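These notes are about the structure you will find just below.
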Amino acid sequence: MTDRRQDENVIALLERQHVEIRTLFGIVEGATGDERRDAFHELVRLLAVHETAEEEVVHPEVRTIPGGDVVVDARVGEEHRAKELLSTLYDMGPEAEGFDILFAELKADVLAHAGHEEREEFPLLRKAHDEDRLRSMAGAVRAAEMIAPTRPHPGVESPAANLLLGPPLAIMDRARDAIRSVFKR
């Protein structure tokens with residue numbers, strides 16, 4: 001990790017990941033075969049760890065800010081729908097009939113969700129916290145991502161559910177990742 005990334009605050013970290021997510025959507029849409037499959041799996045992984053970290057670190061922090069509950073409740077609803085779609089797409093696989101239609105829905109939902117975060121949630125964090133606090137939150141997000149599940153798990157959107165169910169789900173997901181990487185060679 002570069003020094004720049006070590007010094008970034010939580011908002012910069014999440015916005016950078018939003019750019020990565022947008023890029024991966026484009027790659028999946030334009031690719032075929034193994035490249036499409038690999039890009040889709042990378043998108044699934046990034047979305048899963050990104051959302052888990054937001055649910056464990058960012059949303060609870062925003063809830064402590066006046067007006068934050070309403071903003072977070074809307075984001076959690078969006079995340080649940082996205083996890084359901086992503087789970088369906090993962091089970092189908094990118095070569096399945098109907099994948100492109102559902103993938104377009106997922107892309108629209110995820111990009112709208114990211115836009116809501118950038119316009120509604122992140123300004124609350126900027127207003128409520130100084131740069132040191134925002135940088136420490138970035139460290140917490142990175143730590144949460146290291147132990148987060150790498151697949152979508154609809155219904156696991158609260159901090160309590162993530163803390164209780166996240167570790168065993170992450171172990172199962174990461175074992176599947178390891179097995180898939182062995183068979184891919």
Side-chain angles (χ1 to χ4, degrees), residues 1-2 5 12-59 74-119 121-122 141-158 161-162 165-185:
M1 185 176 309
T2 66
R5 287 188 179 183
L13 168 64
L14 297 175
E15 287 175 336
R16 179 174 50 77
Q17 289 180 346
H18 287 173
V19 170
E20 291 175 34
I21 288 164
R22 287 180 185 102
T23 300
L24 285 167
F25 271 114
I27 292 170
V28 172
E29 288 173 325
T32 58
D34 290 347
E35 181 185 3
R36 179 177 168 104
R37 182 200 64 228
D38 293 347
F40 177 66
H41 286 158
E42 179 59 20
L43 177 64
V44 169
R45 187 204 62 75
L46 179 54
L47 287 171
V49 299
H50 175 88
E51 292 306 327
T52 298
E54 286 181 340
E55 292 160 3
E56 290 180 5
V57 178
V58 178
H59 295 337
R75 299 302 71 79
V76 170
E78 294 164 355
E79 290 164 3
H80 179 75
R81 173 166 161 70
K83 283 182 182 182
E84 288 178 331
L85 269 173
L86 192 59
S87 183
T88 298
L89 286 164
Y90 184 81
D91 290 344
M92 290 173 71
E95 68 288 336
E97 186 174 327
F99 178 89
D100 291 332
I101 293 167
L102 288 179
F103 189 76
E105 283 183 42
L106 175 71
K107 179 182 178 183
D109 288 354
V110 168
L111 297 184
H113 172 74
H116 289 282
E117 287 177 343
E118 292 167 2
R119 288 187 310 275
E121 200 165 19
F122 297 171
V141 163
R142 283 190 286 273
E145 288 177 340
M146 287 194 298
I147 59 170
T150 60
R151 305 276 187 296
H153 296 283
V156 183
E157 284 92 24
S158 73
N162 273 310
L165 300 173
L169 291 171
I171 291 168
M172 290 186 309
D173 289 351
R174 289 169 193 269
R176 286 185 200 133
D177 293 343
I179 291 166
R180 187 180 67 223
S181 73
V182 167
F183 283 112
K184 194 167 90 172
R185 290 185 199 159

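Since this is a predicted model, take the numbers as computed values, not measurements.
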Next item on the list: Under the side chain to side chain contact (heavy atoms under 4.5 Å, CB included) rule, collect the residues that match up with Ala12, sequence neighbours excluded.
Entry: Glu8, Asn9
Note to self: Going by the rule side chain to side chain contact (heavy atoms under 4.5 Å, CB included), which residues pair with Glu15 if we only count those two or more places apart in sequence or in a different chain?
What the structure shows: Ile11, Glu118, Phe122, Arg126
Return the set of residues passing side-chain hydrogen bond (donor to acceptor under 3.5 Å, both in side chains) with [X] (not counting sequence neighbours), or none when no residue passes.
| X | answer |
| --- | --- |
| Arg75 | Glu78, Glu120 |
| Asp34 | Arg37 |
| Glu105 | Arg81 |
| Glu35 | none |

Item checked: Of all pairs that satisfy salt bridge (charged side-chain N to carboxylate O under 4.0 Å, His left out), the ones with a partner from residues 95-104, not counting sequence neighbours -> Arg36-Asp100
Got a second to check how far [X]'s [atom1] is from [Y]'s [atom2], nearest 0.5 Å?
| X | Y | atom1 | atom2 | answer |
| --- | --- | --- | --- | --- |
| Glu84 | Asp109 | CD | CG | 11.0 Å |
| Thr23 | Leu43 | OG1 | CG | 10.5 Å |
| Leu47 | Glu51 | CG | CD | 6.5 Å |
| Lys107 | Leu102 | NZ | CG | 15.0 Å |

Check: Sequence neighbours excluded, which residues qualify as ring pair (Phe, Tyr, Trp, His ring centres under 6.0 Å) partners of Phe25?
Finding: Phe103
Next item on the list: Identify the two heavy atoms, one from Glu145 and one from Val49, that lie closest to each other, and give their separation to 0.1 Å.
Entry: CG-O, 3.6 Å
Notebook entry, point to check: Quick one: do the Glu20 and His50 side chains pair a donor with an acceptor below 3.5 Å?
Noted result: no
